[in-house]
Chemist: 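I am attaching a structure below and will ask some questions about it afterwards.
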Amino acid sequence: MKNRAFLSIGSNIGKREMYLFRAIKALEKELIEIRDFSSIYETDPVGFTEQDLFLNMVIEIETSKNPYKLLETCLDVEKQLERKRTIRWGPRTIDLDILIFNQEVIESDHLTIPHPRMHERSFVLVPLAEINEELVVPNVKSTVKALVSQTESAGVRLWREKQDFNIDNLFI
Ligand SMILES: Nc1ncnc2c1ncn2[C@@H]1O[C@H](COP(=O)(O)OP(=O)(O)OP(=O)(O)O)[C@@H](O)[C@H]1O
Ligand SMILES: Nc1nc2c(c(=O)[nH]1)N=C(CO)CN2
């Protein structure tokens, strides 16, 4: 069975846009089909604020992997792209988070879905709303559109419009 999921991608070290695109390419190689994607936004760092600005985007994927295998793949792609774990919420070449997986609710030691902080993060909600603003976030039981309207989104600025790049023909 094919599953539908939404992933958040972020980068704030080095060639940030290249890391986003390399992550998408790497996911495609791991049997993950990209169904839709947002524009790229430049965003103020949240959590640990003494770090450089992020680029963030959201993609919609289809995969036959279960959520645990999908997490393994995301962690593996982060490793391939030289992600180092030092400071919590600190700088990173790439960050891949599973936001939503079908309409499932999962609370295990290593995986929480929906992502536990997604409903308060404008760097996730603004690009997600671009793809599907009527999507309901299970648990929170609100649409993405409603969550965006409740969130301060001043720190999220359009950086490259979706129309300005072709996901099937990324030059990286
Ligand atoms: N929905 C999820 N998506 C990705 N990782 C998750 C999820 N739920 C739990 N995790 C766990 O979180 C661990 C740490 O992830 P990571 O270092 O990327 O956190 P972070 O991005 O710094 O912070 P945050 O979780 O607030 O985004 C992962 O190894 C994974 O086991
Ligand atoms: N703007 C922004 N801030 C963050 C981000 C991110 O992707 N973008 N990721 C974090 C850890 O997941 C912590 N803070």
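All values derive from a computational prediction rather than experimental measurement. For ligands, and for the atoms within them, numbers begin at 1 and follow the listed sequence. Residue numbers count from 1 along this sequence.
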Chemist: Keeping D97 on the side-chain end and L99 on the backbone end, is there a donor-acceptor pair under 3.5 Å?
Modeler: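 A pair under 3.5 Å: no.
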
Chemist: Identify, by atom number and element, the atoms of ligand 1 in contact range of L75, meaning under 4.0 Å from any of its heavy atoms.
Modeler: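 Answer for ligand 1: 29 (O).
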
Chemist: Which label fits F123 and F54: parallel for a plane angle under 30°, tilted from 30 to 60°, or perpendicular past 60°?
Modeler: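 Correct class here is parallel.
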
Chemist: Give a yes/no verdict on whether any heavy atom in G47 is under 4.0 Å from an atom of ligand 2.
Modeler: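 No, G47 has no heavy atom closer than 4.0 Å to ligand 2.
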
Chemist: Any salt bridge (Lys or Arg N to Asp or Glu O under 4.0 Å) pairs touching residues 35-51, not counting sequence neighbours?
Modeler: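 Found R16-E42, E33-R35, R35-E62, D36-K162, D44-R157.
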
Chemist: In chain order, what residues pass the side chain to side chain donor-acceptor pair (under 3.5 Å) check against K69, with sequence neighbours excluded?
Modeler: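 Listed in chain order: nothing, the list is empty.
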
Chemist: Between D76 and K79, does any side-chain N to carboxylate O distance fall below 4.0 Å?
Modeler: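 No salt bridge links D76 with K79.
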
Chemist: Closer than 3.5 angstrom, by distance alone: can the side chain of N12 be matched with the main-chain N or O of D52 as a donor-acceptor pair?
Modeler: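 Yes; at least one donor-acceptor contact below 3.5 Å.
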
Chemist: Please work out, at 4.0 Å between heavy atoms, whether the side chain, the backbone, both, or neither of E72 comes within that distance of ligand 1.
Modeler: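 No part of E72 is near ligand 1 at this cut-off.
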
Chemist: Classify the contact between L71 and ligand 1 as side chain, backbone, both or neither, using a heavy-atom distance cut-off of under 4.0 Å.
Modeler: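 Within the 4.0 Å criterion, L71 contacts ligand 1 through side-chain atoms alone.
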
Chemist: When you compare ligand 1 with E78, is there at least one nitrogen or oxygen pair between them that comes in under 3.5 angstrom?
Modeler: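 No; every N/O pair is 3.5 Å or more apart.
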
Chemist: Give a yes/no verdict on whether any heavy atom in R92 is under 4.0 Å from an atom of ligand 2.
Modeler: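 In this structure, R92 qualifies as a contact of ligand 2 - some heavy atom is under 4.0 Å.
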
Chemist: Considering I94, D95, D52, I9 one by one, which has a heavy atom nearer to atom 12 (O) of ligand 2 than any of the others?
Modeler: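 Checking each option, the heavy atom nearest atom 12 (O) of ligand 2 is found in D95.
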
Chemist: Return the option from H110, R121, M118, H115 holding the heavy atom at the smallest distance from atom 11 (C) of ligand 1.
Modeler: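 Shortest heavy-atom distance from atom 11 (C) of ligand 1: H110.
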
Chemist: I'd like the name of whichever of N56, T49, L55 reaches closest to atom 8 (N) of ligand 2 through any heavy atom.
Modeler: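 It is N56 whose heavy atom sits nearest to atom 8 (N) of ligand 2.
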
Chemist: I'd like to check which ligand 1 atoms, numbered from 1 as shown, lie under 4.0 Å from a non-hydrogen atom of R92.
Modeler: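 Numbered from 1, ligand 1 contributes 20 (P), 21 (O), 22 (O).
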
Chemist: Can you check side chain to side chain donor-acceptor pair (under 3.5 Å) on N102 and N3, steps first, answer last?
Modeler: CA-CA 6 Å; N102 298 326; N3 302 293; 2.9 Å; yes

Chemist: Heavy atom under 4.0 Å from ligand 1: found in D95's side chain, backbone, both, or neither?
Modeler: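 Only the side chain of D95 comes within reach of ligand 1.
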
Chemist: Nearest heavy atom to atom 4 (C) of ligand 1 wins, so pick from L70, V124, D97.
Modeler: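 The option holding the nearest heavy atom is D97.
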
Chemist: Under 6.0 Å between ring centres: does that hold for F101 and Y68?
Modeler: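 Aromatic pair excluded; centres sit 6.0 Å or further apart.
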
Chemist: In terms of atom number and element, which parts of ligand 2 are under 4.0 angstrom from non-hydrogen atoms of D44?
Modeler: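 Matching atoms, with element in brackets: 1 (N), 2 (C).
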
Chemist: For S11 and T93, indicate whether the former's side chain and the latter's backbone hold a donor-acceptor pair under 3.5 Å.
Modeler: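 Yes.
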
Chemist: Looking only at distance, does I98 have an N or O less than 3.5 Å from an N or O of ligand 1?
Modeler: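 Indeed, backbone or side chain, I98 has an N or O that close.
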
